[in-house]
Peer 1: 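Would you mind keeping the following structure in view while I ask a few things?
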Number of protein chains: 2
Amino acid sequence: MTTIHEVAKAAGVSISTVSYALSGKRPVSEKTRQRIEDAVTALGYQPDAGARMLAGRRTHIFALTEPLRADTHAPTHMAFVLATAIAARRRGYDILLLTDEQASEGMNRVAASRLVDAILVLDVAPDDERVAIARAVSTPTVFIGVPEDHNQLMCVDMDFAAVGDLAVDRLADAGYNRMMLLGQTEVSYRRSNFPRRLLHAAQDRAAERGIDLDWVTTGEIATDTAVVHSAVENALDRGHRAFIVHAVDDTHEVLLSVLAERGLAVGTDVSVISAAASFDTTALAVKLDTIPLVPQRSCELAVDLAVRQLDGERLVPEIHLLPPEYLPFGSVASSPLDSSDVRAERPAPTAD
Amino acid sequence: MTTIHEVAKAAGVSISTVSYALSGKRPVSEKTRQRIEDAVTALGYQPDAGARMLAGRRTHIFALTEPLRADTHAPTHMAFVLATAIAARRRGYDILLLTDEQASEGMNRVAASRLVDAILVLDVAPDDERVAIARAVSTPTVFIGVPEDHNQLMCVDMDFAAVGDLAVDRLADAGYNRMMLLGQTEVSYRRSNFPRRLLHAAQDRAAERGIDLDWVTTGEIATDTAVVHSAVENALDRGHRAFIVHAVDDTHEVLLSVLAERGLAVGTDVSVISAAASFDTTALAVKLDTIPLVPQRSCELAVDLAVRQLDGERLVPEIHLLPPEYLPFGSVASSPLDSSDVRAERPAPTAD
DNA sequence: TTGAAAGCGATACCAT
DNA sequence: ATGGTATCGCTTTCAA
């Protein structure tokens with residue numbers, strides 16, 4: 001193992017100069033800094049992590065807690081983990097995984113042992129037990145998601161309410177007076193609150209504008225293809241021609257396939273908006289107007305907030321809601337038929 | 001922060017006694033060890049991670065490298081990550097995530113800085129670049145998967161060849177002389193070698209026993225439901241009545257739904273074996289005979305091998321293949337019709 | 001602009 | 001069975 005002493009000797013300077021040259025915390029003449037850098041690369045020097053943690057006040061590690069429940073949607077979750085890891089590395093931090101069933105134990109342990117500089121919390125539940133721990137430990141903690149009781153907590157999340165408003169507004173502006181929200185699984189409305197935030201905002205906005213908004217979930221636990229299929233059939237039979245989809249990719253696919261079966265053209269006969277999807281909707285059979293949920297944005301902000309706190313910035317604990325962005329792809333009809341007309345011209349067959 | 005000094009003072013002993021009492025590396029009288037433990041819990045003492053890493057020769061951290069390519073099947077991957085994390089924690093180790101596009105950089109860094117005690121390699125490709133690095137660094141490395149060039153490498157994996165043999169044997173023993181292997185996606189046969197290991201073993205065994213084995217992949221990149229659907233239809237039309245499924249859950253579901261549509265009863269009219277599935281097949285509509293791929297087994301063994309190396313055991317670098325286990329659920333018919341009979345009694349309609 | 005040296009908080013060797 | 005202390009490799013204050 002190469003130590004800082006060997007680098008110092010090779011460069012003909014003291015170890016403190018090497019340390020400062022590498023950290024940049026003290027000016028070092030261009031000449032010596034060059035010699036030091038040469039020595040570093042020549043010897044393949046890499047500061048000892050343990051020594052750095054002990055002497056410095058930084059471990060350069062973030063903990064990432066993720067309960068990984070059985071109902072977690074793996075692809076979405078992976079996207080967040082990956083985005084966090086990449087954002088952290090860019091700032092010089094590694095990610096330590098805390099997947100314990102009892103995330104509490106892990107959080108306390110890494111905080112008490114000073115293993116990590118900050119804690120990032122993923123997959124936040126409304127009544128998350130990690131809230132109490134975050135308050136108890138002195139390690140800076142950032143939630144990616146918003147628990148019910150978020151007083152004095154630092155949180156980052158998409159503004160799901162704004163997503164709901166935006167989606168309803170677009171369809172309403174296009175002339176629809178009724179629309180269908182294809183939501184998440186039943187369990188996700190219980191275990192998280194972001195689906196509710198979108199739903200309630202959409203319902204309120206619809207009520208304000210005198211719009212008839214229907215809502216269905218996409219299965220009990222996991223997304224149930226059959227449930228989605230019949231829900232869509234049913235909605236079409238009842239005259240629905242405008243859809244807001246807040247769901248996983250499978251649900252999008254089922255919706256599009258039913259529309260295709262019926263010969264309904266998206267952007268002409270029916271309108272569809274994908275709301276808060278974290279996958280690439282442009283890979284679908286039909287491109288959809290999308291209000292994307294970009295994990296990178298949330299995760300980068302979370303990492304940034306953590307780093308800034310470590311750098312001494314005195315940030316107020318608050319919720320950071322990322323404003324939604326609307327990506328048009330022509331899936332909303334410009335001047336649709338009114339749904340009552342639709343109903344008139346096409347008598348609803350019995351479902352099934 | 002509570003230090004070992006405070007614990008020592010509270011317990012009225014020296015710091016070395018505290019250290020030994022906690023590590024158990026030296027006998028300590030029951031009386032004093034009790035006082036020390038009391039002090040530890042009273043003060044909520046947790047040894048400083050950095051100090052431990054520097055003074056001891058253990059960081060109590062394992063690195064887990066996972067390239068996370070776009071075609072990675074998220075649920076399967078998550079199962080492995082989770083299993084590894086749990087196995088490691090049980091042995092007192094945390095998991096540091098290395099998800100870099102260039103896993104090389106991360107591996108070199110954590111090895112050189114002595115951030116981790118060992119490296120676990122996930123999602124192994126046939127020509128994995130991490131093989132070279134594993135050979136270069138002195139940090140013990142265990143592959144979960146088997147690269148093409150595994151000379152001098154420590155690897156753990158399911159014995160996929162044995163899985164293939166076993167599946168073919170069961171169906172052959174049941175009297176089938178032709179069978180269909182529903183395989184993985186095309187890309188997985190290129191990016192990994194475990195699908196090939198199963199396939200080739202099955203083909204060889206089939207050839208030995210004079211059995212007609214067909215094989216199809218389940219889509220180009222991601223599993224394509226339509227592709228699977230027509231492949232199964234086609235196979236049935238050609239008289240196939242025995243299936244080996246080496247694929248994700250979606251593929252199982254499509255197969256079962258086609259069989260149901262046709263009114264073919266699993267275990268009577270047709271036989272199905274699920275081979276090397278890492279999800280819970282008992283949750284399917286029909287219970288299937290399964291040769292499961294249990295991530296826990298591979299991951300626990302990998303962790304165990306890493307720990308034993310750290311404990312000084314001089315293990316020879318070799319491949320550890322886990323023998324398959326056959327879980328019967330009655331999905332293989334006991335005395336099936338010969339496929340030629342089947343063909344005779346049911347003229348094959350043209351597909352589609 | 002640079003160097004010397006005092007910690008950081010454990011582990012583990014050498015004594016007693 | 002227990003205590004004293006050198007040591008790990010770095011960061012950072014204090015001096016020059």
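Lettering follows sequence order; numbering is per chain, from 1.
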Peer 1: In this structure, how many angstroms lie between the C1' atom of D/dC10 and the CG atom of B/Leu115, rounded?
Peer 2: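 Taking atom C1' of D/dC10 as the reference, CG of B/Leu115 is at 14 Å.
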
Peer 1: Is B/Ser113 touching bases, backbone alone, or none of the nucleic acid, heavy atoms closer than 4.0 Å?
Peer 2: nothing

Peer 1: Side chain of A/Arg26, base of C/dG3: donor and acceptor closer than 3.5 Å?
Peer 2: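 Pair found.
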
Peer 1: Which one, D/dG3, C/dA10, D/dT11, comes nearest to the side chain of A/Arg52?
Peer 2: D/dT11

Peer 1: Taking atom C1' of D/dT2 as reference, at what distance in whole Å does atom NZ of B/Lys31 sit?
Peer 2: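 These atoms are roughly 12 Å apart.
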
Peer 1: Using the side-chain heavy atoms of B/Thr3, tell me which of these nucleotides is nearest: C/dA10, D/dT2, D/dT11.
Peer 2: C/dA10

Peer 1: Knowing that exactly one of B/Ile319, B/Leu322, B/Leu321 qualifies, which makes a side chain to side chain contact (heavy atoms under 4.5 Å, CB included) with B/Asp157?
Peer 2: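 Result: among B/Ile319, B/Leu322, B/Leu321, B/Leu321 is the only option passing the side chain to side chain contact (heavy atoms under 4.5 Å, CB included) with B/Asp157.
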
Peer 1: Charged N to carboxylate O under 4.0 angstrom, B/Arg58 versus B/Asp311?
Peer 2: yes

Peer 1: How many Å lie between CZ on B/Arg33 and C1' on D/dT2, as a whole number?
Peer 2: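 Between C1' of D/dT2 and CZ of B/Arg33: 14 Å.
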
Peer 1: How many Å lie between CG on B/Leu54 and C1' on C/dA10, as a whole number?
Peer 2: 8 Å

Peer 1: For A/Ile15 and B/Asp48, take the nucleotide of DNA chain C holding the closest heavy atom to each; which residue's nucleotide lies nearer the 5' end?
Peer 2: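 Nearest-nucleotide comparison on DNA chain C picks A/Ile15.
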
Peer 1: Return no unless some side-chain N or O of B/Lys25 is found under 4.0 Å from OP1 or OP2 of C/dA12.
Peer 2: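 Yes, within the criterion.
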
Peer 1: Figure out the NE2/C1' separation between A/His60 and D/dC10, and round it to whole Å.
Peer 2: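 In whole Å, D/dC10 C1' lies 11 Å from A/His60 NE2.
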
Peer 1: Around atom CZ of A/Arg135, are there more than 12 heavy atoms of other residues, nucleotides or ligands at under 6.0 Å?
Peer 2: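 Yes, enclosed.
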
Peer 1: Quick test of your reading of the model: are B/Asp123 and B/Arg191 salt-bridged, counting only N-O distances below 4.0 Å?
Peer 2: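 No salt bridge links B/Asp123 with B/Arg191.
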
Peer 1: What is the distance, to the nearest angstrom, from the CD1 atom on B/Ile4 to the P atom on D/dT2?
Peer 2: 15 Å

Peer 1: Judged by each residue's nearest nucleotide on DNA chain D, which is more toward the 5′ side, B/Arg114 or B/Ser16?
Peer 2: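 So the residue in question is B/Ser16.
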
Peer 1: Starting at atom NE2 of B/His5, determine the distance to atom P of D/dG3, rounded to an integer number of angstrom.
Peer 2: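 B/His5 atom NE2 is separated from D/dG3 atom P by 13 Å.
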
Peer 1: So for B/Tyr20 and C/dC13, does any side-chain atom that can act as donor or acceptor lie under 3.5 Å from a complementary atom in the base?
Peer 2: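 Present.
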
Peer 1: Between A/Ser19 and D/dC10, does any side-chain N or O lie under 4.0 Å from OP1 or OP2?
Peer 2: no

Peer 1: Determine whether more than 12 heavy atoms belonging to other residues, nucleotides or ligands lie under 6.0 Å from atom CZ of B/Arg57.
Peer 2: no

Peer 1: When you get a sec, tell me which of C/dA10, C/dG3, D/dC10 is the closest nucleotide to the side chain of A/Ser14?
Peer 2: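 Looking only at heavy atoms from C-beta outward on A/Ser14, the closest nucleotide is C/dG3.
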
Peer 1: A/Leu22 CG to D/dC10 C1': how many Å, rounded?
Peer 2: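 So the CG-C1' distance, A/Leu22 to D/dC10, works out to 11 Å.
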
Peer 1: Would you indicate, yes or no, if C/dA12 has its OP1 or OP2 atom less than 4.0 angstrom from a side-chain nitrogen or oxygen of B/Ser23?
Peer 2: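 For C/dA12, neither OP1 nor OP2 has a side-chain N or O of B/Ser23 closer than 4.0 Å.
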
Peer 1: Can you identify which nucleotide, out of C/dG3, C/dC8, D/dA1, has its nearest atom closest to the B/Ser29 side chain?
Peer 2: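 Closest nucleotide to the B/Ser29 side chain: D/dA1.
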
